[in-house]
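Please read these numbers as outputs of a predicted model, since none were measured by experiment. In what follows, chains are A, B, ... by sequence order, proteins preceding strands, each numbered from 1.
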Amino acid sequence: MAAAAGEAAGGGGGSPSSARRRLRIISGHLRGSPRAPGRGALSPSPCKAQDGSAGPTSGSIPKKRQELLKWNGWGYNDSKFIFNKKGQAEFTGKRYRLGGMVLPTFKEWIEKTFGASLEHKTTSRASLNVNDVPPSIVNEEFLQDLRATKISYSQDAEDRVFRAHGHCLHEIFVLREGMFKRIPDIVVWPVCHEDVVKIVELACKHNLCIIPFGGGTSVSSALECPEEEKRTIVSLDTSQMNRILWIDEKNLTACVEAGIVGQDLEKQLAESGFCTGHEPDSMEFSSLGGWVATRASGMKKNIYGNIEDLVIHIKMVTPRGIVEKNCQVPRMSTGPDIHHFIMGSEGTLGVVTEVTIKIRPVPEYQKYGSVVFPNFERGVACLREVAKQRCAPASIRLVDNAQFQFGHALKPQVASIFTSFLDGLKKFYITKFKGFDPNILCVATLLFEGDREKVLQHEKQVYDIATKFGGLAAGEDNGQRGYMLTFVIAYLRDLGLDYYVIGESFETSVPWDRVLDLCRNVKERIVRECKEKGVQFAPLSTCRVTQTYDAGACVYFYFAFNYRGISDPIHVYEQIERAAREEILANGGSLSHHHGVGKLRKRWMKESISDVGLGMLRSVKEYVDPNNIFGNKNLL
Amino acid sequence: MKCYTPVIYKGLSPCKPNAIKSAVLHSEQVQYVIKQLAKEMGESPDIIQEEATEILDEMGHRMQLGAVRFFAFTLSKIFKQLFQRVCVNEEGMQRLQHAIQEHPVVLLPSHRSYVDFLMLSYLLYTYDLALPVIAAGIDFLGMKIVGELLRRAGAFFMRRSFGGNRLYWAVFAEYVKTMLRSGYAPIEFFLEGTRSRTAKTLTPKFGLLSIVMEPFFKREVFDTYLVPISISYERILEESLYAYELLGVPKPKESTSGLLKARRILSDNFGTIHIYVGQPVSLRTLASGRISRCPYNLVPRHLPQKPSEDIQEFVSDVAYKMELLQIENMVLSPWVLVAAVLLQNLPAMEFELLIEKTLWLKGLTQTFGGFIEWPDNLCAKKAVLSGLTLHSNIAGLVDGHVVLNDKGVEDGAVGEIVFRHALAVLMCATYRNQLLNVFVRPALVAVALQMAPSFRKEEVYSCFNFLRDVFSNEFIFFPGISLKDFEEGCFLLTKCDAIQTSQQEIYPTDKGSGTVSFLSAMFRPFVEGYQLIFRYLSKEMKEAFTEKQFIPGVRNFVFQLLEKGSTQCYEALSSDMQKNALSALVQLGAVKKKKIPSGFTYNVNQEAVSKILDMFGKYSLINLKRASQVINYFGQCTYVRCSDFS
């Protein structure tokens, strides 16, 4: 189960495209003409391959991922930031609302923030050099057995390299400039649960190492192959297991194959008028199995819950056999919940094949919003109050000043003089009339969802609270742009890489009373570490409070710097990232809220869950997978 | 009028002293303790809150620019009267200026005189830096107008002891932390806790330090700068007062009339003041890798929490480190060297010889890292003479010889003579003492060399270790690094050619015997004084006693010996040494200290004390006396082992 749910690797979470899609679905729904169910997806058929149907149907992501997705960067091949002939930033493609738009202030922002210059450019290799790729070493007997199962597989270099990494900075850097020391030897595409059972059996028989791969959006080094692994590494790509097996409208559940990616799941459920509401920022690419394997969190968890709240039943294939429950009930008291061994196991125990997940009717109405606060402190106090009153909208986020300015830089060219006049007026009102300092103020972005009436009521309640903390309503547009930022940020990193700017995001969860201290200290630590490590330009070090809970919040950091003049930027970057994590832990934050541990954060596991805790997890691993077939070395 | 616009902490949100008080009163920390106490005592929280308000009113400063200006004006007049010059390291002030903007700053000056904090505030004001709030003893409040004036100049007042009073502790700690967290002003306090009457750095107190470190431990601030500041006086304002006090003539209570009487000192000259503002030390850097973060993550931060052993140890280490930095940066005047030489050559010393030895000692001090301020191009003679002039109350030139000025009134009874002499010796010692912490490591090696039965390294080290333990209250040693201290001592002695070391042995060189003897003579008053005090304890104190009984008892004991002439160790009369010796025995387990309602009682384990006395071994009183004769012929004598004397 390739970790998938990284917000950092953010995709089109609350993107306009999803909003538009929903609208289309709703209107379709109202016309009362539900489309024909796709591909017989709603029949509980055992296995496509055995059906003799024409192999796996295509989801949004093809088997040959490189045909649609960048091989050395984030997202779709056709979508990227470029500087056009006039030297203005532009976003290409038609997939996103930002597509084809010119961003007039963006260049200036980049130059000002990073000291970067368009003249200093690095270029990635244009394509993969197949000769560099480590050879595929696969035992012939295993290949024979594999062929007998009729499960599709590939030993192609491109296929293998594509599944050798997630989207950590160092992984992308390697793709652009080097080559991984160890990559999978073979990629297999099971199309159903039974296929997975067969593959795991074969792996046990031939003593191979399996690394499950879902959406490939991991940001914890979870997909990297352990260099010292001598056995054949099988990358088990779940992408072809992407059907909705059934929908149970009475209980509002759906049983879904684990390889389905977020956007397909929502699209297909929407055809029946439902949704899961689980929208991690990477949902375009990340998979259901990956969400389960990393304990993912979605933007709208305030309404729908995180993955652990959504899951009703999990089926997982392990070397020891299949693990599942005997019923699909909302809760049971039968000892520790075995789901909690599976969720967050990061592919170390087995492959999740089928998940029964809660569904909800597609909401009638959706509305963005935003509030400006005079400073971050007031903003956090407001979010805390909202959490206390348990009236958080589907999503509520508070971005700090730097991120507010960042978002501002992504404002497209305005169409008319009138709008630009209005913008000026707004700015005047907030900064001059209300006395907000444009270099201190911060913005909360909001997303409301539900019945139209209730949404409007809810909206008023939240704005009333905000007013008490000095907040000023700042319109839907600002809110929407805030959410847009989270999905384009991953594309932005690729642009940055072209101009000596490297960056990454990381996250944590923290009790309410420590939120401010943690944000301030971590940002400061990053700035200092950069200085100490010889980074010549002050870094971008910014955060947002991105989720609220009763007892605390999830905080999300972006960190990027211009590495010109540094000989080993990745090493420096990693040192700083590590220091930032140390700082988080020292400030009472968690090791991870939803990105997971992978191999990147393993060193802090003992400190995080105690020796005994670690022993408990180890003993589960030892029982379930004594020969370490699932040998990706994550977590433990 | 001066335009005062200090640089301030970057994160500062300006507020009034009263706003701080109210923030403290309503803080979770204080409210928690109030509720707890209310529950325990069955009282209404309002009453306890009232009490807390009173504590705050008693404690809190009311810094006002007007008062500050008034002080600045008067102080500049007074200081000009009293002192010739005030020297400051400019780059230190600049570093401080940067530090103040960056993170909360804690100023840790040495404490030799009341002038310390007045001078420091005056200095910061002059340099346009944020004025500190200063932790002052509550006794100042006894001074009618002055107490309030100090309050307005930024002093806040702490009771001398409030260990048992939880409310007081909570309010006080929160008051300090609130000011620190908000970066309201640099916080200033004295690690030594009180003015050192002996000019020797006192062992640190940890209470306030641990309070100012806590916001960092809990990550309420990103970092905190600790700034060691060394203030040294060519002549200490309170010198005679201290000597009297050490001899048991009680310290006058702070009172305004007392201050007015002190006016007459205005006509006196107190020489130069040297202020060295040390490099700000980042607490974060000190703590990195030292502190496990767990304990603070698992309990809400506003709950009072007893610091873990780790933390306590760390606080203690930091305290010692800061004091060692104070010592390192302390400017030493030529007179300090003169005093050190003179004390070894009583009753009289030829002027020329004094000059020669002072010069020699200057070299040695510099080798050991002492920071001597020797006025440019000033020949040794002039330097010594100017010292003698400034300190004419202590020593003077008679017929080409330098003698202590201990005559006073016409010769009276024997007791009177002893007392007057002791007074002069203690005053003189105050200046020599400023050298001791610079010299202590090599000197204790030198003493150990004379104590040890052979030159074998282990044996010398074991003696050194013993001395270091015994004198752990007397001198400043970083905790737990005995071997390192020993090696440093050996290194410095080797550096000045006083000793040679082989694989197994350490032995004095012929050339260096003078140095070794000088060093051991320098510390002899302590070795001898401790032995006297231990002897008193092992012989005279069969029953439990209190400190109040102990001090006069031991003073009488020593006094009689001095009268009889069977010892020359006048410094054993110093109550400071007496107290230190007693607590050394407590630490060594030879004396049991028990808490009783009115204080502490002590119980001597005779056997253990005799054992410790034995440890001093051959380095007995008689030997010392003879050795001192040898050293009087310093310069000509060759090295003689102690054993040769017995």
Side-chain angles (χ1 to χ4, degrees), chain A residues 374-378 380-381 384 401 437 439-440 470 508-532 538 541 543 551-552 555 575 578-591 603-613, chain B residues 9-15 23 26-29 31-32 98-99 101-104 174 177-178 180-183 213-225 280-305 308 310-311 314:
Chain A
N375 57 42
F376 195 63
E377 288 75 11
R378 302 285 276 168
V380 170
R384 205 282 162 264
N401 183 269
D437 182 339
N439 293 311
I440 295 179
T508 187
S509 48
V510 59
W512 277 116
D513 70 315
R514 296 177 196 244
V515 168
L516 283 176
D517 288 333
L518 181 134
C519 291
R520 181 196 59 229
N521 290 344
V522 172
K523 285 194 277 183
E524 169 110 29
R525 178 77 181 261
I526 289 171
V527 171
R528 300 193 142 237
E529 292 285 333
C530 281
K531 211 185 214 171
E532 274 171 34
S541 169
C543 73
V555 180
Q575 283 178 314
R578 194 196 301 179
R581 183 57 62 181
E582 294 277 354
E583 193 62 38
I584 286 175
L585 295 173
N587 280 272
S590 64
L591 187 51
R603 74 175 84 236
W604 293 288
M605 268 302 269
K606 196 167 112 180
E607 181 184 337
S608 293
I609 62 169
S610 82
D611 259 340
V612 178
Chain B
Y9 174 53
K10 64 177 178 199
L12 176 69
S13 35
C15 60
H26 297 107
S27 69
E28 283 175 304
Q29 286 81 344
Q31 285 300 321
Y32 176 83
H98 284 298
Q101 295 169 66
E102 223 178 330
H103 298 301
E174 194 49 32
K177 286 189 279 186
T178 302
L180 182 101
R181 278 192 294 253
S182 64
M213 283 163 84
E214 205 179 273
F216 170 71
F217 291 148
K218 294 185 170 172
R219 293 302 193 276
E220 290 160 344
V221 295
F222 183 79
D223 198 352
T224 303
Y225 275 130
V281 178
S282 146
L283 181 55
R284 172 174 278 268
T285 312
L286 290 178
S288 86
R290 276 287 305 259
I291 301 298
S292 147
R293 45 210 168 207
C294 254
Y296 291 101
N297 286 350
L298 292 177
V299 179
R301 291 186 292 182
H302 68 272
L303 298 196
Q305 212 183 332
S308 67
D310 262 13
I311 298 277
F314 178 64

*Asks:* What I want to find out is whether Asp517(A) reaches Arg301(B) closely enough, with some N-O distance under 4.0 Å, to be called a salt bridge.
*Replies:* yes
*Asks:* The criterion is side chain to side chain donor-acceptor pair (under 3.5 Å); which residues satisfy it with Tyr225(B), sequence neighbours excluded?
*Replies:* Glu102(B)
*Asks:* If you take all heavy atoms of Asn297(B) and Asn587(A), which pair is closest and at what distance?
*Replies:* OD1-C, 4.1 Å
*Asks:* Who passes ring-ring contact (aromatic ring centres under 6.0 Å, His included) against Phe216(B), sequence neighbours left out?
*Replies:* none
*Asks:* At a 4.5 Å cut-off on heavy atoms, which part of Arg528(A) comes close to chain B: side chain, backbone, both, or neither?
*Replies:* side chain
*Asks:* At what distance, to the nearest 0.5 angstrom, does CZ of Phe222(B) lie from CZ of Arg520(A)?
*Replies:* 9.5 Å
*Asks:* Heavy-atom count check: over 12 atoms from other residues, nucleotides or ligands less than 6.0 Å from Arg384(A) CZ?
*Replies:* yes
*Asks:* In the structure I gave you, are the side-chain heavy atoms of Glu583(A) and Arg219(B) within less than 4.5 Å of one another anywhere?
*Replies:* yes
*Asks:* Please classify the contact of Arg284(B) with chain A as side chain, backbone, both or neither, using a heavy-atom distance under 4.5 Å.
*Replies:* side chain
